[in-house]
Amino acid sequence: IYFEGIYSRKMIRLRIISILIFSGFLLGLILQAQTARVKIVHTTDVHGWINGHVHDKFNDADFGDFASLIEHLRGSATNQDDSHVLVFDSGDIMEGTGLSDASDIKGEYIFPVVGMLDYDGMTLGNHELGNRKTLEYMHSVYIPKYGKEKYITSNTFWKKDNSYFGSPFRRFSTPQGLNVLAYGYIYEFDGGNGVTRTISPMRSITKDSIIKESLEIYSGSVDLIIFSCHINPEEAGNDMEKLYQHIRKSHPDIPLIFLGGHRHKKYFTSYDDNSFAIESGRYFETLGIIDLELEKKQMKNISYQWHKPSKIDFMELSGKNSSNFDTPTGLLVKDVISKSYNALHLNDTYGCSPQNYCPYSPVADENSLYNLFIEKIIPQQVWKIPKGNQTNYFISNNSALRACLFEGRVTYDDILSISPFKDAFYHIENLTGRELKSLLAANNRWRYSMIEVEDVALYELTCSKYDCNWSNSILTKLYPEKNFEPTLYPYKGSSTSAISDYVENRFKC
């Protein structure tokens, strides 16, 4: 219940108590079957790839196909009293493709599509929190229209009135009577957006009275608790593990499921025989599917698979074929994606690449996108003649380039998929070779110019604002007596425009 945009604590207690009255009846539905079969479908770090991967025939499913898959899985479960399907996302749904980033407000073409899929629960990622305009759009348009109580942000608040950005939790039942309590958490991340405030997950679950009371009141009437988290599940002492340990102190037996994200990796671990954590990759390259049996609040026969989202795989998962797989909702989602793609001119041609260049290849390789970017694009599109006797030098973190540049026609969407952040360039002048070597040695994530660094030479270091600030932090710790504050580089474009200009000028069709 909302009161003038704020969760009223008195009213939410009344809401909890009123729903609890019905919980015995709902719980009885699940207990009628000796064993419940539960399927959880998990996405995370989609980063705008709702149109699928047009250059990869083995990863060709889009969110229209995904919508059809969800409908078929839920439809099959509806016909079986003991089957239940849950669909969750763990954040960073936007920032990474043209559909996400070609618009004035990043994500404004993405979120309406995502809303059509009817997730059971979603939460924030750091990329949402890093974009003020996106957050304002989500708060005023997306969450009221599509998210309602399903966009769960247990530890993130709207600064203006200190209300929860989304819902603090969600308690719901599947059509077949599985009772679920869900929370949504992100690691403590400020984002610098000026409109939200995030507290640590542990502070939320130990100090926030609404979160504490929801857990206390509902834990006895639900069959399992799900945490959708934009949190690294493998880091030592991570917040997901802390949440698990805290809840186990007072609820030693209830099934606990942690759905992680943020690292762009696939990972699974069991905390105990009735709790596990899973992380399901990135970019809609991976779909996590977990199957388990639930008997008297004990999970059994837990299995998990990470599927490549392909149309063929989705048909096999749903038991359908090309003649009966597409649902009306799935076709509508495809139509919305197609119209958005055209409205943003994402199919416009910028040039034709002579070969594949990928960011995952070793920098020295001729098919390395970082090699092309650092050794050709930056020198030819960005650099000016340095002052004095300095030598130009460039560094980048290993996540700046996000996708391959494929052989053949290069579109506006391809450019934005490679470089969605439109980073301005900064520089740090008069670095000695010794200082530059120390900087390179301090971080194994750097990709950098391939020239030999000489100790006694001077260098003008160019990098994105993010990487220059990172470099400044490292250098200041190593050499506190010197100022390494970066300043704006005299180039009017961005990382994205540098790539598009190079393709347009050098890769003629």
More than 12 heavy atoms of other groups within 6.0 Å of K339 NZ
no

Taking the six-membered ring for Trp and the single ring otherwise, decide whether the centroids of F284 and H53 are under 6.0 Å apart.
no

I'd like to check T432 versus V456 (side-chain heavy atoms, cut-off strictly below 4.5 Å). Are they in contact?
no

How about F63 and F66: are their ring centroids closer than 6.0 Å?
yes

Exceeds 12 heavy-atom contacts within 6.0 angstrom, atom OH of Y360
yes

Short side-chain to backbone donor-acceptor contact, S368 and A364, under 3.5 Å:
no

Once you round to the nearest 0.5 Å, how far does CE of M94 lie from OG of S103?
8.0 Å

Evaluate the side-chain proximity of Q390 to Y459: yes if any heavy-atom separation is below 4.5 Å, no if none is.
no

For the residue pair D413 and Y341, confirm or rule out a side-chain donor-acceptor distance under 3.5 Å.
yes

Between the OG atom in S438 and the CG atom in L436, the distance rounded to the nearest 0.5 Å is 8.5 Å

Testing the 3.5 Å rule here: is there a donor-acceptor pair between the side chains of S280 and H42?
yes

Any donor-acceptor pair under 3.5 Å linking the side-chain atoms of T206 with those of H246?
no

Is K376 atom NZ crowded by more than 12 heavy atoms from other residues, nucleotides or ligands, each under 6.0 Å away?
no

Reported OG1-to-CG distance for the pair T196 and N193, which is rounded to 0.5 angstrom
3.5 Å

Would you name the heavy atoms of L346 and A102 that are closest together and state the gap between them?
CD2-CB, 3.8 Å

Is it the case that more than 12 heavy atoms not belonging to R445 sit under 6.0 Å from its CZ atom?
yes

Mark yes or no for whether N397, through its side chain, and A400, through its backbone, hold a donor-acceptor pair below 3.5 Å.
yes

Side chains of H262 and N126: any donor to acceptor distance under 3.5 Å?
yes

Would you say D208 and S204 are linked by a side-chain donor-acceptor pair, where the criterion is simply a distance under 3.5 Å?
no

Side chains of N347 and R409 only: does a donor on one sit below 3.5 Å from an acceptor on the other?
yes

Looking at Y448, I want to see if its OH is surrounded by more than 12 non-hydrogen atoms of other residues, nucleotides or ligands under 6.0 Å.
no

Measure from the ring center of Y491 to the ring center of Y489 and say whether it is less than 6.0 Å.
no

In this structure, are over 12 heavy atoms from other groups packed under 6.0 Å from Q245 atom CD?
yes

Report yes if the side chains of K159 and V195 come closer than 4.5 Å at any heavy-atom pair, otherwise no.
no

Closer than 3.5 angstrom, by distance alone: can the side chain of N131 be matched with the main-chain N or O of K133 as a donor-acceptor pair?
no

Measure the CG-OG1 distance between L416 and T97 for me, rounded to the nearest 0.5 Å.
8.0 Å

Is any side-chain heavy atom of D45 closer than 4.5 Å to one of Y283?
no

Determine yes or no for a side-chain-to-main-chain donor-acceptor pair under 3.5 angstrom, with W306 supplying the side chain and E279 the backbone.
yes

Does D423 reach the side chain of T496, with side-chain heavy atoms less than 4.5 Å apart?
no

Step through it carefully: locate the ring centre of H230, locate the ring centre of Y185, and say whether they are under 6.0 Å apart.
no

Nearest 0.5 angstrom please: T391 OG1 to L431 CG, how far?
11.5 Å

On a heavy-atom basis, which atom in S396 and which in Y370 lie closest, and how many Å separate them?
OG-CE2, 3.7 Å

A quick test of your reading: do over 12 heavy atoms of other residues, nucleotides or ligands sit less than 6.0 Å from NZ of K145?
no

Taking atom types as modelled, is there a side-chain donor on N162 or R197 under 3.5 Å from an acceptor on the other?
yes

Tell me every residue that passes side-chain contact (heavy atoms from CB on, under 4.5 Å) with L488, counting only those two or more places apart in sequence or in another chain.
A424, Y426

The residue among K266, K265, R263 that forms salt bridge (charged side-chain N to carboxylate O under 4.0 Å, His left out) with E234 is R263

Over all atoms of both residues, closest heavy-atom pair of G166 and I143
CA-CD1, 4.2 Å

Under 6.0 Å between ring centres: does that hold for Y502 and F507?
yes

For residues D313 and H307, is any side-chain donor paired with an opposing acceptor at under 3.5 Å?
yes

Can you confirm whether the side chains of R248 and Y271 place a donor and an acceptor under 3.5 Å from each other?
no

Going by atom types alone, do E95 and H47 pair a side-chain donor with an acceptor below 3.5 Å?
no

Distance only, no hydrogens: is a donor on one side chain within 3.5 Å (strictly under) of an acceptor on the other, for D272 and Y244?
yes

Polar side chain donor-acceptor pair, S163 to D161, under 3.5 angstrom
yes

Can you establish whether the number of heavy atoms outside D455 located under 6.0 Å from its atom CG is more than 12?
yes

Can you find a heavy atom in the side chain of F165 that is under 4.5 Å from one in the side chain of F157?
no

With heavy-atom distances below 4.5 Å as the criterion, would you say the side chains of Y151 and M138 are in contact?
yes

Backbone N or O of C463 within a donor-acceptor pair of the D467 side chain at under 3.5 Å?
no

Using a distance-only test with no angle check, is there a side-chain donor-acceptor pair under 3.5 angstrom linking D89 and T43?
yes

Taken to the nearest 0.5 Å, the spacing of I257 CD1 from I290 CD1 works out to 7.5 Å

Side-chain donor/acceptor of T349 to backbone N/O of G351, under 3.5 Å
no

How far apart are the closest heavy atoms of G184 and N155, and which atoms are they?
O-OD1, 3.9 Å

Aromatic plane relationship, F111 with Y137 - under 30° parallel, 30 to 60° tilted, over 60° perpendicular
tilted

Sole residue of N238, T269, L243 in side-chain contact (heavy atoms from CB on, under 4.5 Å) with F258:
L243

Any chance the rings of H345 and Y412 have centres within less than 6.0 Å?
no

Looking at S167, S214, S228, which one forms a side chain to side chain donor-acceptor pair (under 3.5 Å) with Y183?
S214

Side chains of F169 and Y164 in contact at under 4.5 Å (non-hydrogen atoms):
no

Please answer whether the main-chain N or O of E407 pairs with a side-chain N or O of N356 as donor and acceptor at a distance below 3.5 Å.
yes

